[in-house]
Amino acid sequence: MLDINLIRHNPDIVRQGLVNRGSDPSAVDAILALDVQRREIIARSEQLRALRNTVSKEIGRMKDEAEREAKKAEMRRVGDEIATLEAELGKIEAQLAELTGELPNLPDPRVPIGADESHNVVVRTEQGTLPPLDFPAKPHWEIGEQLGIIDFERGVKLSGSRFYVLNGLGARLQRGLITWMLDLRRQQGYEERYLPFMVRSQVLFASGQLPKFRDNLYHDAEEDFWWVPTAEVPLTGLHSDEILSADELPKLYAAYTPCFRREKMSAGKDVRGIKRGHQFDKVEMYAFTLPEESDHYLERMREDAEATLRALGLTYRVKLLCTGDLGFAARMTYDLEVWAPGVQEWLEVSSVSNTGDFQARRANIKFRRERGAKAEFVHTLNGSGLALPRTMIAVLENYQQPDGSVVVPEVLRPYVGVDVIRKSD
RNA sequence: GGAAAGGUGGCCGAGUGGUUUAAGGCGGCGGUCUUGAAAACCGCUGUGGGGCUCUGUCCUCACCGUGAGUUCGAAUCUCACCCUUUCCGCCA
């Protein structure tokens, strides 16, 4: 949510920011007009309320019956007028909430301007420590099926396309990655949280998924439950409607959750393998910080995510997203992409974003610098650390051997329990 | 799923239609006293919106779980819903 005062006083800045990220700026004018109407109506109705409050007290003290009845009749008319104004106000505020709720965050000035992902900037490429493969690399679906650790057919039988089953060491590899990542996050200073995987509408509004992106979410038809598309959602809601004290900031959290996405927008894309499913696992990082420290923690969180890939010895690159590719709530985002030699693709395994006070406004998360000081909105950041299926792809394809086996990365061996994944293990 | 009792400020807790401007207490902050501290005493105390003689020790509106309703006037009365606790049922 953008600050209404920013829209009111600097509409040009807001319009420019929206244009830069490829959004329609016309809502700004509608919002400004509604804002003026809103304040006019409030001024009038409050004046009438003040009058009624005063006169009602007088009525309580009146002894003269006729005079009292006359005043009551008069206040009845005032009440009717207030009701009319309030009804009008309700409509205007609903429209205002709808329009402002759909405005995305404004890009940070340092974000390169561009229409789409082709304008993203590769900041850095980090060479992995693994020796290059000296044989033709197989894609992970072949590796997985030949080893018997990924079962696509039974996934489809159970739930349709974009679902799969992990068998034995496949499941253990993923579980090992999750546990290892959570341990790594803890060493980096993040507190672990186990969260609900279904949340109320309000929580999805706070993080920015609702109202605009409901098509990509799974929703329970009978209750107000939505399956989380990322742990970012419940983590944003964790401190909603709270006022934190400055000395407990930053609050750094890590959480493992499955993520559920309808992938309506990417129908037909990435249908092969485990790159894009309706259900996938992720370890997520999240931070609540002082406003002046969020830029610093964006870099810190990117470093922390990178450390995961470095520990696995994988080759990856860091991208700074351009304005046109920013997510709804983000004002600046780094993507980490890992190289997968089997599919010959850079896979997005992490997206690290600073949302500034955008989510904090929607979730009403504040802090106080000192006792008695005015409460201010915190800043929030989120980052994947990391998305599991794509990390699995990278591990399988980079650690594959000529005989079809897959070496388990050293850091994972205590978690997986074997050094090499072979057929029929 | 059934029954009962509840939901009031940071916390406890009073308040069944109008001196309530939400009593009182605790906590917190400031002060008096003190060598210092404690105690005692005095004062202060939340959130959001709007306005202005425009940033103030200002005026005003709203907020007692949520939403509607009754009324000149609602924390208080009515209805619906949500949540909590206890008991029963069911269950991992």
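Sequence lines set the chain letters: A, B, ... in the order given, protein chains first and strands last, and positions in each chain run from 1.
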Quick one: does A:M332's side chain get under 4.5 Å of A:S353's, heavy atoms only?
no
If you look only at pairs with a residue in residues 158-175 of chain A, which of them pass as a side chain to side chain donor-acceptor pair (under 3.5 Å), with sequence neighbours excluded?
A:Q174-A:D281
What integer number of Å spans the P atoms of B:G9 and B:A14?
13 Å
Can you check nucleotides 47-52 of chain B for protein contacts, nitrogen or oxygen pairs under 3.5 Å, and list what you find?
unit_1, atom_1, unit_2, atom_2, d
B:U47, OP1, A:R368, NH1, 3.1
B:G48, OP1, A:K366, NZ, 2.4
B:G49, O2', A:R38, NH2, 3.1
B:G49, N2, A:E46, OE1, 2.5
B:G49, N2, A:E46, OE2, 2.4
B:G50, OP1, A:R8, NH2, 3.2
B:G50, OP1, A:R38, NH1, 3.4

For nucleotides B:C59 and B:U66, find the distance between their P atoms and express it as a whole number of Å.
27 Å
Between A:T355 and A:T380, is there a donor-acceptor pair closer than 3.5 Å when you use the side chain of the first and the backbone of the second?
yes
Whole-Å C1' distance, B:G28 and B:G46:
13 Å
Restricting to non-hydrogen atoms, name the atom on A:L195 and the atom on A:P234 that form the minimum distance, rounded to 0.1 Å.
CD1-CG, 3.9 Å
Applying a 3.5 angstrom cut-off to the pairing atoms, does RNA chain B sit in any stems of at least three consecutive Watson-Crick or G-U pairs? List them by first number.
B:1-7 with B:82-88, B:10-12 with B:24-26, B:27-32 with B:40-45, B:46-51 with B:58-63, B:65-69 with B:77-81
Short N-O contact, A:D357 and A:R331, less than 4.0 angstrom:
no
Going by atom type alone, with no hydrogens or angles, which donor-acceptor pairs under 3.5 Å involve a side-chain atom of residues 70-98 of chain A and a protein atom two or more places apart or on another chain?
unit_1, atom_1, unit_2, atom_2, d
A:T84, OG1, A:D80, O, 2.9
A:E86, OE2, A:S45, OG, 3.2
A:E93, OE2, A:R38, NE, 2.7

Ion pair check, A:E348 and A:K282, cut-off under 4.0 Å
no
Which letters describe nucleotides 67-80 of chain B, given B = protein heavy atom under 4.0 Å from base, S = only from sugar-phosphate, - = neither?
-----BS-------
Under 3.5 Å between N/O atoms: give me all the protein pairs with nucleotides 27-29 of chain B, atom names plus distance.
unit_1, atom_1, unit_2, atom_2, d
B:G28, O2', A:R371, NE, 3.2
B:G28, O2', A:R371, NH1, 2.7

Gap between atom NE2 of A:H379 and atom CZ of A:F367 - 0.5 Å precision:
8.5 Å
